[in-house]
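To start, the structure under review is shown below, and the notes come after it.
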Amino acid sequence: MSVAITLATARRITTQLRHDRRTVALMVLVPTLVMILLYYVMDDERSFGHWAPILLCVFPFLVMFLITSIATLRERTSGTLERLMAMPLGRLDLLLGYGLAFGLAACAQVALALAVSLTWLGLDLPGPLWPLVLVALLNALLGTALGLLCSAFARTEFQAVQFMPIVMIPQILLGGILVPRGQMATVLEWISDVLPMSYAIEAMAHAVADADPGGEFWRDVVVVAGSAVLALLLGAATLRRRTS
């Protein structure tokens, strides 16, 4: 692994994103537009205050997973990835470069969604803002890492999109959004215990409800961050130069 090569890869991806306005708009604007739509559909500040943090947890994960998996697959199918890996470029250099570039996009995405929610939409937090920002960013990075991992198993962009419900729906259903995890059947609770989204949702709940997040919050943060790192390492191990 080389820091210089990783940063050069991140600069290349960032430059490509800057010239792809539609992708940038999808990444940065869609979560914010959904938050605005939710606010006016509910038309109730209390209900919005309950659901807004959940969406701030889910949508960065969803959007970054989709964009990252498709972008990585496009590089492989176009032959760009094969040419890059013929150079002194390690797989981990490549994935960390992607993660850094899309992580910067995730920062812009979360910052805009939070700024609009806290000002225009009047989201009220009982505690400090930083735990909410931390969880939202970690979840966006987790979506980026899982998108990089899943892109290795897709041959077309359509297949990459098909991974989204496979990865997302079980985590939403078993993450405690609709039914508390403790009220699920034992087998389902066991499954939810190994899904990173479960810990992201719990961390977001602590970030919103607790004025001073404690040990459980930091445990959940470590699990989400560790899951993102593990996904990047697995992505580096399974990365292919081109589709077969």
Side-chain angles (χ1 to χ4, degrees), residues 1-34 56 59-116 133-134 136-161 163-164 167 225 228-229 231-243:
M1 175 184 168
S2 169
V3 174
I5 294 177
T6 299
L7 293 177
T9 303
R11 284 195 298 270
R12 181 181 66 84
I13 301 301
T14 303
T15 301
Q16 290 180 345
L17 286 177
R18 193 166 60 245
H19 291 90
D20 189 350
R21 296 181 180 179
R22 293 183 181 179
T23 300
V24 172
L26 177 62
M27 284 192 297
V28 177
L29 297 179
V30 167
T32 301
L33 294 176
V34 171
L56 285 171
F59 275 102
F61 178 93
L62 171 65
V63 173
M64 296 309 298
F65 176 88
L66 178 63
I67 295 297
T68 306
S69 58
I70 292 177
T72 309
L73 180 64
R74 187 177 298 169
E75 293 248 296
R76 194 167 70 242
T77 55
S78 65
T80 302
L81 188 59
E82 186 176 14
R83 292 192 296 272
L84 288 172
M85 293 185 69
M87 303 168 62
L89 173 70
R91 296 182 178 184
L92 193 56
D93 289 320
L94 181 69
L95 290 189
L96 287 178
Y98 268 95
L100 183 58
F102 283 105
L104 293 175
C107 290
Q109 178 192 80
V110 171
L112 180 61
L114 280 173
V116 171
V133 175
L134 176 62
L137 284 176
L138 282 177
N139 224 33
L141 293 174
L142 176 63
T144 299
L146 289 177
L148 291 170
L149 173 60
C150 291
S151 68
F153 302 98
R155 295 186 178 182
T156 65
E157 293 183 10
F158 180 67
Q159 289 182 0
V161 172
F163 273 105
M164 186 176 67
V167 174
V229 172
L232 281 176
L233 294 176
L234 292 175
T238 57
L239 183 65
R240 295 175 293 164
R241 293 187 176 191
R242 59 185 301 174
T243 54

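By convention here, the first residue in the shown sequence is residue 1.
- Residue I13 holds its CD1 atom at 10.0 Å from OG1 of T68, rounded to the nearest 0.5 Å.
- Residues G147 and F65 come closest through the heavy atom pair N-CD1, 3.4 Å.
- What you find for G235 and L149 is that their closest heavy atoms are N-CD1, 3.6 Å.
- Atom CE of M64 and atom OG1 of T144 lie 3.5 Å apart (nearest 0.5 Å).
- The two residues L73 and A154 make their nearest non-hydrogen contact at CD1-O, 3.2 Å.
- Put simply, CG on L146 and CZ on F163 are 11.5 Å apart, with the number rounded to the nearest 0.5 Å.
- Between the S69 side chain and the L66 main chain, a donor and an acceptor come within less than 3.5 Å of each other.
- Side-chain atoms of S151 come within 3.5 Å of backbone N or O of L148 as a donor-acceptor pair.
- Side chain of Q109 to main chain of A105: no donor-acceptor pair is present (N/O by atom type, distance under 3.5 Å, no hydrogens or angles).
- Heavy-atom minimum distance, A113 versus L56: CB-CD2, 3.8 Å.
- The minimum heavy-atom distance linking R155 with Q159 is given by the pair N-OE1, 2.8 Å.
- The CG atom of L7 sits 6.5 Å away from atom CG of L100, with the distance rounded to the nearest 0.5 Å.
- When the options L137, L141, V133, V28 are evaluated for a side-chain contact (heavy atoms from CB on, under 4.5 Å) with C107, the one that passes is L137.
- Atom OH of Y98 is separated from atom OG1 of T6 by 13.0 Å, given to the nearest 0.5 angstrom.
- The two residues P60 and A136 have their closest heavy-atom pair at CB-O, 4.1 Å.
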